[in-house]
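Here's the structure we're looking at; comments come further down.
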Amino acid sequence: MSLTPSQPDHDPWIGLEPTVSRRYVTVVVAAVTTIVLTIVAFLLPVPYATLQPGPVFDTLGDFNGEPMLSISGDVQTYPTDGALDFTTVSVTSPDGKVGFSEALLAWFDPDVNVVPRDFLYPEGETAEESDAQSAAQLASSKDNSSVAALRALGYEVPEQVRIGDVADDGASADLLESGDVVQAVDGTAVGTPQEAVDAVAGVTPGDVVTLAIERDGVSQDVAITTRPAADDPELPRIGVSLAASFDLPLQIDNNVGDSVGGPSAGTMFALAIYDLLTPGSLTGGRRVAGTGEISPEGVVGPIGGVRQKMAGAHADGAEVFLVPADNCAEAADGDDFGMTLVKITALDDAISSLESLAADPDAKVPSCS
């Protein structure tokens with residue numbers, strides 16, 4: 001019996017029954033689609049960033065062909081040995097992209113941390129803005145480390161409160177200038193930015209506060225009508241940022257360039273300055289690495305990426321790693337890489353622990369493990 005072309009009993013181009021041929025095509029299309037989607041997924045960026053071990057730098061050594069730290073003035077410096085390394089983390093930049101495959105591989109690497117991008121960068125932050133913030137943090141770290149080290153050595157280091165930025169549309173526009181020294185608020189002397197902030201916070205928005213300032217060597221009083229904060233109408237604001245400045249008794253040049261940034265090298269800078277200004281060696285000839293933000297008062301603060309910094313220090317041969325106390329739990333949660341993890345809360349702690357270890361490598365010091 002013949003059939004019309006509109007009623008075929010099989011697909012002549014394949015030679016299979018209709019249901020079999022259609023199933024075959026469906027399977028092939030599904031497989032190809034899966035492969036294509038998988039390739040696309042591996043190529044497309046994902047909203048994550050990675051933190052990986054970065055390079056380490058010896059604060060007692062050279063940076064780009066010149067001493068990282070140099071000290072001049074009416075003071076003697078001393079030779080030292082070993083190394084005091086500050087550690088870094090290599091982080092995806094704000095305009096960088098992390099592909100799915102990179103994120104997946106990083107997820108299984110114990111020395112790499114994968115975090116949501118907005119954990120590191122605010123919405124819309126550009127690479128230029130991030131670099132500027134990082135550079136400002138490094139500059140502050142250099143100042144704070146010098147002050148902390150000199151104070152640990154017994155030097156008097158006077159502190160002043162200076163006006164940083166003045167908001168163009170703020171309460172202090174056309175009244176205060178960047179660089180003005182704030183001496184008092186409503187008759188109360190202030191010696192730190194926090195004291196100035198607290199003095200202003202004691203009034204009601206709309207009240208007038210009088211700042212005693214010094215500008216170009218001339219003292220004057222400036223009356224400013226406070227305004228409510230944008231995020232809390234009950235808090236008074238005068239529309240400026242404040243910064244501390246210090247009158248150092250010695251000239252300390254920190255020659256770290258703009259290839260690094262952030263505040264976390266402060267503790268290691270301070271230790272190197274202290275080591276150069278005291279006889280003997282803090283390291284005992286060993287390679288010591290560490291991290292930690294530092295305040296002018298010598299308080300060591302926590303940082304990010306401690307596990308990545310430990311991995312970088314280990315790769316460079318460090319035997320001792322200095323860990324801010326608030327980072328100890330994270331530092332101890334994994335391989336210690338054979339390093340002695342020393343817990344530090346202040347510059348004095350770090351100095352005394354290193355002195356003990358220099359005298360006896362098996363000395364008992366505060367530890368994270």
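What you see is a predicted model, and the numbers here were worked out from it, not measured in a lab.
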Kindly compute the distance separating CG (Asn327) from CE (Met310), expressed to the nearest 0.5 Å. 10.5 Å

Residues, nucleotides or ligands: over 12 heavy atoms within 6.0 Å of Asp232 CG: yes

Report yes or no: do Lys309 and Ser264 form a side-chain donor-acceptor pair below 3.5 Å? yes

Side-chain donor or acceptor of Asp58 paired with backbone N/O of Leu84 under 3.5 Å: yes

Hydrophobic clusters here meaning ILVMFWY residues chained together by side-chain heavy-atom distances under 4.5 Å, can you tell me if Val161 and Val157 are in one? no

Distance-only criterion, 3.5 Å: show the donor-acceptor pairs between side-chain atoms of residues 238-251 and protein atoms not counting sequence neighbours.
residue, atom, partner, partner atom, Å
Ser241, OG, Asp165, N, 2.7
Ser245, OG, Arg162, NE, 2.9
Gln251, NE2, Asp253, OD1, 2.8

Once you round to the nearest 0.5 Å, how far does OG of Ser145 lie from CD of Glu293? 11.5 Å

Please tell me if the side chains of Leu176 and Ile213 come closer than 4.5 Å, counting only heavy atoms from C-beta onward. yes

Heavy atoms, side chains only, cut-off 4.5 Å: are Val320 and Arg287 in contact? no

CG/Asp360: more than 12 non-hydrogen atoms of other groups inside 6.0 Å: yes

Can you confirm whether the side chains of Asp275 and Thr80 place a donor and an acceptor under 3.5 Å from each other? yes

Distance in Å, Leu276 CG paired with Met68 CE, rounded so as to fall on 0.5 Å steps: 11.5 Å

The test is side chain to side chain donor-acceptor pair (under 3.5 Å); show your working for Ser281 and Asp81 and say whether it passes. CA-CA 6 Å; Ser281 168; Asp81 57 10; 2.7 Å; yes

State, to 0.1 Å, how close Arg307 and Gly334 come at their nearest heavy-atom pair, and which atoms those are. NH2-C, 3.6 Å

Report the relative orientation of the aromatic rings in Phe63 and Phe57; use parallel for angles under 30°, tilted for 30 to 60°, perpendicular for over 60°. tilted

When you compare the side chain of Ser70 with that of Asn255, does any pair of heavy atoms fall below 4.5 Å? yes

Quick one: does any side-chain atom of Ser140 pair with a main-chain N or O of Gln137 as donor and acceptor, under 3.5 Å? no

Please examine the side chains of Pro53 and Ser90, heavy atoms only from C-beta on, and report whether any two atoms are closer than 4.5 Å. no

Please find the pair of heavy atoms, one from Ser178 and one from Gly164, that lie closest to each other, and give the distance. OG-O, 2.8 Å

Check the hydrophobic clustering (I, L, V, M, F, W, Y; side-chain heavy atoms under 4.5 Å; chains of links allowed) and say if Tyr155 and Ile351 are grouped together. yes

Are Pro361 and Glu319 close enough that some pair of their side-chain heavy atoms sits under 4.5 Å apart? no

Any side-chain heavy atom of Val288 within less than 4.5 Å of one from Leu354? yes

Atom NZ of Lys142: over 12 foreign heavy atoms under 6.0 Å: yes

Using a strict threshold of under 4.0 Å (side-chain N to carboxylate O), is an ion pair present between Arg215 and Glu177? yes

In one Ile/Leu/Val/Met/Phe/Trp/Tyr side-chain cluster, 4.5 Å: Val256, Ile303: no

Quick check: closest heavy atoms across Leu341 and Ala331, and the distance to 0.1 Å? CD1-O, 4.0 Å

Is any side-chain heavy atom of Thr87 closer than 4.5 Å to a side-chain heavy atom of Asp316? no

Taking atom types as modelled, find out whether Ser367 and Lys343 have a side-chain donor-acceptor pair closer than 3.5 angstrom. no

Is there a path of hydrophobic side-chain contacts, each under 4.5 Å between heavy atoms of I, L, V, M, F, W or Y residues, that connects Ile71 with Tyr78? no

Can you tell me if CD on Glu156 sees more than 12 non-hydrogen neighbours from other groups inside 6.0 Å? no

Counting only heavy atoms not in Asp216, do more than 12 sit closer than 6.0 Å to its CG atom? no

Distance-only donor-acceptor pairs under 3.5 Å for side chains of residues 192-209, two or more places apart:
residue, atom, partner, partner atom, Å
Thr192, OG1, Glu195, N, 3.2
Gln194, NE2, Asp198, OD1, 2.8
Glu195, OE1, Gly191, N, 2.6
Asp207, OD2, Thr204, N, 3.1

Is there a side-chain contact between Val323 and Ile344 in this structure, where contact means two heavy atoms from C-beta onward sitting under 4.5 Å apart? no

Does Glu234 have more than 12 heavy atoms from other residues, nucleotides or ligands lying within 6.0 Å of its CD? no

Sole residue of Leu138, Asp143, Ile294 in side chain to side chain contact (heavy atoms under 4.5 Å, CB included) with Phe269: Leu138

Could you walk me through whether Leu150 and Val147 pass the side chain to side chain contact (heavy atoms under 4.5 Å, CB included) check? CA-CA 5 Å; Leu150 291 176; Val147 175; over 6 Å; no

Any link between Met339 and Val300 through a network of hydrophobic side chains (Ile, Leu, Val, Met, Phe, Trp, Tyr) touching at under 4.5 Å? no

